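To start, the structure itself, in structure tokens.
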Amino acid sequence: MRDVFEIRAQDAGGRVGDLHVPRADVTVETPALLPVVNPNVITVDPARFDEFGAEILITNSYIIKRDDDLAARAREEGLHDLLGFDGAIMTDSGSFQLSEYGEIDTDTEEILAFQHEIGSDIGTPVDIPTPPDVDRARAEEELRTTQERLELAETVDVGDMLVNAPVQGSTYPDLREEAGAHAYATDLDVFPVGAAVPMMNDYRYDDVARAVAGAKRGLGADAPVHLFGAGHPMMFALAVALGCDLFDSAAYALYARDDRYLTVHGTEQLADLHHFPCSCPICTEHAPEDVRRMPDAAREELLAEHNLHVSFTELRRVKQAVRDGDLLELVEARAHAHPRTLDGYRALLDHAGQYEASDPASKDAFFYASAESARRPEVLRHRERLARLSPEGRVLLTEGPRHDGYDDCWRVTPPFGPYPSALSEVYPLTAETPANMDREGYEAAAKGVARLAGEHPDAEFTLAHESWPADALDYVPPRVETLDLGEDRLTGPEDEA
Ligand SMILES: [Zn+2]
């Protein structure tokens, strides 16, 4: 058990937790967003970060160390006074510069010692951020180097500073898993999924999802996970559902510099906005036209403030969704606002079995909001549960009325499939589903019927359905008799209960 992290609530792979940061003597509620602060280019004064809800920020120790004046001040005053921030401070090591420029002028021991010296609360070794799509030999070789650096980092005396153990592996999910397992076996504290920035910049949220899911398979459930470089609020819900606890945003400042306005659905250009679709203080007090007329620095600061507000608002919404048990409904809503987040959500659903384990067995209600809902962990879990039930004799599975010409009569409901009537008030079978179900919902139900028939070869099944589409019925094995309630009549004595 890692005592720096406590999980308070869970939904799908997402969790609300407490990250204890001993050196700062603060507890950060997760999921947490760390605004990125470039000490040379301050867009929003870190002293004001608590107005937005930031409890932790991230800055780059390598940038500070390379600048003699900054380094001297950081040594003298400490990082918290230098930046004017009394929350927790995480520092990066220069790995990003290494990935951008090919070399850096420091190493793991030196940079960890420097981070400790200037008062960082969470430091980072010099790992190798392997880009996406490299050949496997390179990904493996660089991962070995990263793993050596993590082992070296364990030996550096950094007092009560927490230390990041980045998880690399490029776009190879099995390497991410191996890297996760190795990092988790060290005594390091926080686990960033590294080198996601190039994928995130290209909106490759499906590859991000596969990388995170891979890392999560290797890491223990109690590991706090940081998605390095994830700063766009449109993907927070997805990233949390995948099991990420920390994010950092340079986007709030970088986008503001280019007159870009963040929303939970994507990015808008200030030039295109007639109205601000937001109720933050910036957007209620200003009109886009007025902001466009402002001098560069003032305009950039206002946009950056809006970008922070919208990001922290989304994070609060995500946390509430985890507590309410409707995180996947939120992910689905975000997924249907942008094709790239939909790609990410579909990649998450490819791993629904992995996320089923941490998903609470009971929540308020399951809302079937689109075809993707048919692949949610709850649907898989119900299908697994069919193996443990005991249908006997001739069993009617029906969407219509009960019929006493059978030994037993079960309900059948898309997308879940069959279940005994006694379970009909049990989550997720209380689901709200559309009157016009889609093909995926019927197919999922038919797979449930197939699973039940496969698990219980001694029972006989009749499926009485309300005109399911033929390609859904193709999943029902031949030994299950099917009746279309719209056309066929059940034989035997009528008895509707
Ligand atoms: Zn706003």
Side-chain angles (χ1 to χ4, degrees), residues 28-38 41-58 84-85 87 200-201 203 205 227 229-240 244 246-322 327 329-338 340-341:
V28 173
E29 187 182 59
T30 64
L33 176 65
L34 294 70
V36 174
V37 175
N38 180 336
V41 192
I42 300 287
T43 313
V44 177
D45 185 353
R48 293 183 49 212
F49 278 171
D50 65 347
E51 290 173 30
F52 305 91
E55 298 179 302
I56 176 169
L57 64 74
I58 180 167
F85 184 71
M200 227 99 62
N201 287 348
Y203 297 93
Y205 294 149
L227 187 54
H232 201 304
M234 71 190 272
M235 58 92 64
F236 288 172
L238 172 67
V240 170
C244 299
L246 302 164
F247 306 93
D248 53 275
S249 175
Y252 79 95
L254 296 176
Y255 281 50
R257 203 162 301 152
D258 298 335
D259 283 340
R260 287 184 291 170
Y261 177 99
L262 295 177
T263 82
V264 295
H265 306 303
T267 309
E268 303 282 352
Q269 299 289 337
L270 178 62
D272 298 336
L273 288 174
H274 293 274
H275 310 278
F276 282 140
C278 172
S279 53
C280 85
I282 304 304
C283 297
T284 47
E285 285 164 25
H286 302 83
E289 197 185 330
D290 305 329
V291 177
R292 276 196 288 273
R293 282 203 294 262
M294 288 180 176
D296 287 353
R299 192 174 70 244
E300 185 179 325
E301 183 171 1
L302 285 186
L303 284 176
E305 287 182 35
H306 155 80
N307 288 345
L308 282 174
H309 279 301
V310 74
S311 300
F312 280 98
T313 301
E314 178 69 353
L315 205 63
R316 289 193 292 275
R317 195 179 285 122
V318 167
K319 285 193 268 201
Q320 183 63 36
V322 171
L327 177 62
E329 276 82 358
L330 180 62
V331 175
E332 198 151 318
R334 295 292 176 255
H336 287 282
H338 198 291
R340 299 288 85 77
T341 44

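For ligands, and for the atoms within them, numbers begin at 1 and follow the listed sequence. The figures here come from the full heavy-atom set of this structure, side chains too, leaving out hydrogens, waters and symmetry mates. On a predicted model such as this, the values are computed, not experimentally measured, just so you know.
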inquiry  = Between Tyr252 (side chain only) and Val36 (backbone N and O only), is there a donor and an acceptor less than 3.5 Å apart?
reply    = yes
query = Arg292 side chain to Leu270 main-chain N or O, any donor-acceptor pair under 3.5 Å?
reply = yes
N/O/S atom name from His306 that is nearest to the position of the Zn ion (ligand 1) = ND1
query = From the Zn ion (ligand 1) out to just under 2.8 Å, does an N/O/S atom of Cys283 turn up?
reply = yes
SG (Cys280) to the Zn ion (ligand 1) to SG (Cys278) angle, given to the nearest 10 degrees = 110°
request  = Identify the two heavy atoms, one from Phe236 and one from Phe247, that lie closest to each other, and give their separation to 0.1 Å.
outcome  = O-CZ, 4.2 Å
request  = Would you please name every residue forming a side-chain hydrogen bond (donor to acceptor under 3.5 Å, both in side chains) with Glu55, sequence neighbours left out?
outcome  = none
